[in-house]
Amino acid sequence: MLHIDHLYKNYGKFQAVRDLTLHIPQGDLFGFVGPNGAGKTTTIRMVCGLMLPTAGSISINGVDALTHRKEIKKQIGYVPDFFGVYDNLKVKEYMDFYGSMYRMHSGEIGRIADDLLELVNLSDKKEVFVDTLSRGMKQRLCVARALIHNPALLVLDEPNSGLDPRARVEMKELLLNLRSMGKTIVISSHILSELSEMCNSIGIMDHGNLVAAGRIEDVMEHVFGNDQLIITLEEGREIALRIASEYPKVKVRSAGEHEIRLSHTMTKREIAEMIGAMIAHDVVVTGFHKQEGDLETLFMCVTEGDGGIGSGISGNGIDAGNEGEVGVEGGTGGGESAVRKEGSRDVVKSDC
């Protein structure tokens with residue numbers, strides 16, 4: 001559906017987006033995440049035709065977005081991070097105005113606008129002036145406006161920015177409803193917990209690189225392994241790390257002063273033997289438990305934080321094995337995540 005191939009955006013010597021390759025199939029709700037300055041908004045603006053890339057290609061439904069810019073804008077509904085509304089218009093007039101921009105007939109605009117206002121739960125606000133709406137209502141109105149011409153792709157840049165908790169829940173329910181209707185959606189957000197509840201696939205950008213992409217569960221499994229074990233301890237950190245390294249089914253993910261995170265494929269008996277060995281060597285173990293990976297942990301694991309959590313990670317192209325699957329370029333299909341090598345480093349690096 002959306003195909004981005006080897007996309008670059010340079011500002012002089014600075015590369016805001018570097019060799020980004022990403023294929024999103026029809027009907028996906030794709031979450032785009034990354035720290036500030038990672039290149040998410042730049043990528044979104046290039047997809048929406050608001051900015052020309054330095055190199056690379058973008059196509060939507062098989063149409064080249066760079067050579068058919070006027071045609072492609074009919075395929076896209078865009079909700080920017082800072083949305084604008086016309087305060088002196090009523091809600092119905094606002095929808096009529098945007099429908100006319102797509103040269104739709106007045107009768108068609110009225111019918112579709114009524115359906116969309118019902119979809120976003122604003123049917124009772126048709127005769128209300130836009131400037132009297134709450135921020136959450138304005139944001140839902142902007143989604144309705146972006147859908148007036150029935151675009152193939154809906155793109156939202158930080159749609160929940162500044163919304164209160166109730167408005168965020170309403171926005172999430174709206175997007176899930178649109179996904180159930182088969183709409184292809186790309187959403188960028190810093191609220192990772194909400195993305196994990198909405199999206200079926202994600203892409204994580206860092207310093208202009210796409211460092212991880214795919215079905216959420218596949219990326220989680222690749223980064224964290226099948227199981228993650230957290231051991232808390234009071235003393236003996238170095239001894240505990242040495243003992244853990246002696247087990248071939250264990251990989252140390254991170255080691256703090258009083259906490260060690262491991263991924264493993266051990267049985268329960270093998271876990272007990274390892275913990276027992278630590279205690280026998282005077283490691284003061286205060287507890288251990290299995291923890292499922294979450295999107296916040298994944299994000300910190302594959303991006304470069306202030307403490308260099310993910311330092312050394314570099315990204316290159318992310319691709320789909322087959323249409324209908326999002327994964328790392330060269331993937332085997334079936335939604336499986338693979339790793340594309342760049343030199344001696346992995347694009348998705350799992351030793352965080």
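The figures that follow rest on heavy atoms only: side chains count, while hydrogens, waters and symmetry mates do not. One is the number of the first residue; the rest follow in order along the sequence. Because the structure is predicted, anything quoted here is derived from the model rather than measured.
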How far apart are the closest heavy atoms of [X] and [Y], and which atoms are they?
| X | Y | value |
| --- | --- | --- |
| Asp19 | His6 | OD1-ND1, 2.8 Å |
| Cys199 | Ile216 | O-CD1, 3.3 Å |
| Gly203 | Phe30 | N-CZ, 3.2 Å |

Would you say [Y] ends up clustered with [X] if hydrophobic residues are merged whenever their side chains have heavy atoms under 4.5 Å apart, either directly or through other cluster members?
| X | Y | value |
| --- | --- | --- |
| Phe129 | Tyr98 | no |
| Met46 | Leu52 | no |
| Met198 | Val169 | no |

Is the backbone N or O of [Y] less than 3.5 Å from a side-chain atom of [X], with the two atoms forming a donor-acceptor pair by type?
| X | Y | result |
| --- | --- | --- |
| Arg45 | Leu50 | no |
| Thr42 | Ala16 | no |
| Asp164 | Ala167 | yes |
| Lys183 | Pro151 | yes |
| Thr184 | Leu153 | no |
| Arg145 | Tyr78 | yes |
| Lys249 | Met266 | no |
| Thr232 | Gly287 | yes |
| Glu259 | Gly256 | no |
| Gln26 | Gly182 | yes |

Item to complete: Would you mind listing every ring pair (Phe, Tyr, Trp, His ring centres under 6.0 Å) that reaches into residues 134-182, with sequence neighbours excluded?
Response: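 Matches after skipping sequence neighbours: Tyr102-His149.
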Q: May I ask you to say whether Lys126 pairs ionically with Asp114, meaning some side-chain N is under 4.0 Å from a carboxylate O?
A: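 Yes, Lys126 and Asp114 are salt-bridged.
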query: Any Lys/Arg nitrogen of Glu246 or Arg242 sitting under 4.0 Å from an Asp/Glu carboxylate oxygen of the other?
result: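 Yes, charged N to carboxylate O under 4.0 Å.
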State the [atom1]-[atom2] distance between [X] and [Y], to the nearest 0.5 angstrom.
| X | Y | atom1 | atom2 | value |
| --- | --- | --- | --- | --- |
| Arg168 | Gln139 | CZ | CD | 12.5 Å |
| Thr43 | Leu210 | OG1 | CG | 8.5 Å |
| Met1 | Asp28 | CE | CG | 10.5 Å |
| Ile109 | Arg103 | CD1 | CZ | 12.5 Å |
| Glu108 | Ile148 | CD | CD1 | 8.5 Å |

Greater than 12 external heavy atoms within 6.0 Å of [X]'s [atom1]:
| X | atom1 | value |
| --- | --- | --- |
| Tyr247 | OH | yes |
| Glu118 | CD | no |
| Glu257 | CD | no |

What's the verdict on side-chain hydrogen bond (donor to acceptor under 3.5 Å, both in side chains) for Asn150 and Lys74, showing C-alpha distance, side-chain angles and the deciding distance? CA-CA 8 Å; Asn150 192 26; Lys74 299 177 182 178; over 6 Å; no
TODO: For a side-chain contact (heavy atoms from CB on, under 4.5 Å) with Val284, tell me which candidate from Glu234, Met278, His258 qualifies.
DONE: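 Output: one option passes, namely Glu234.
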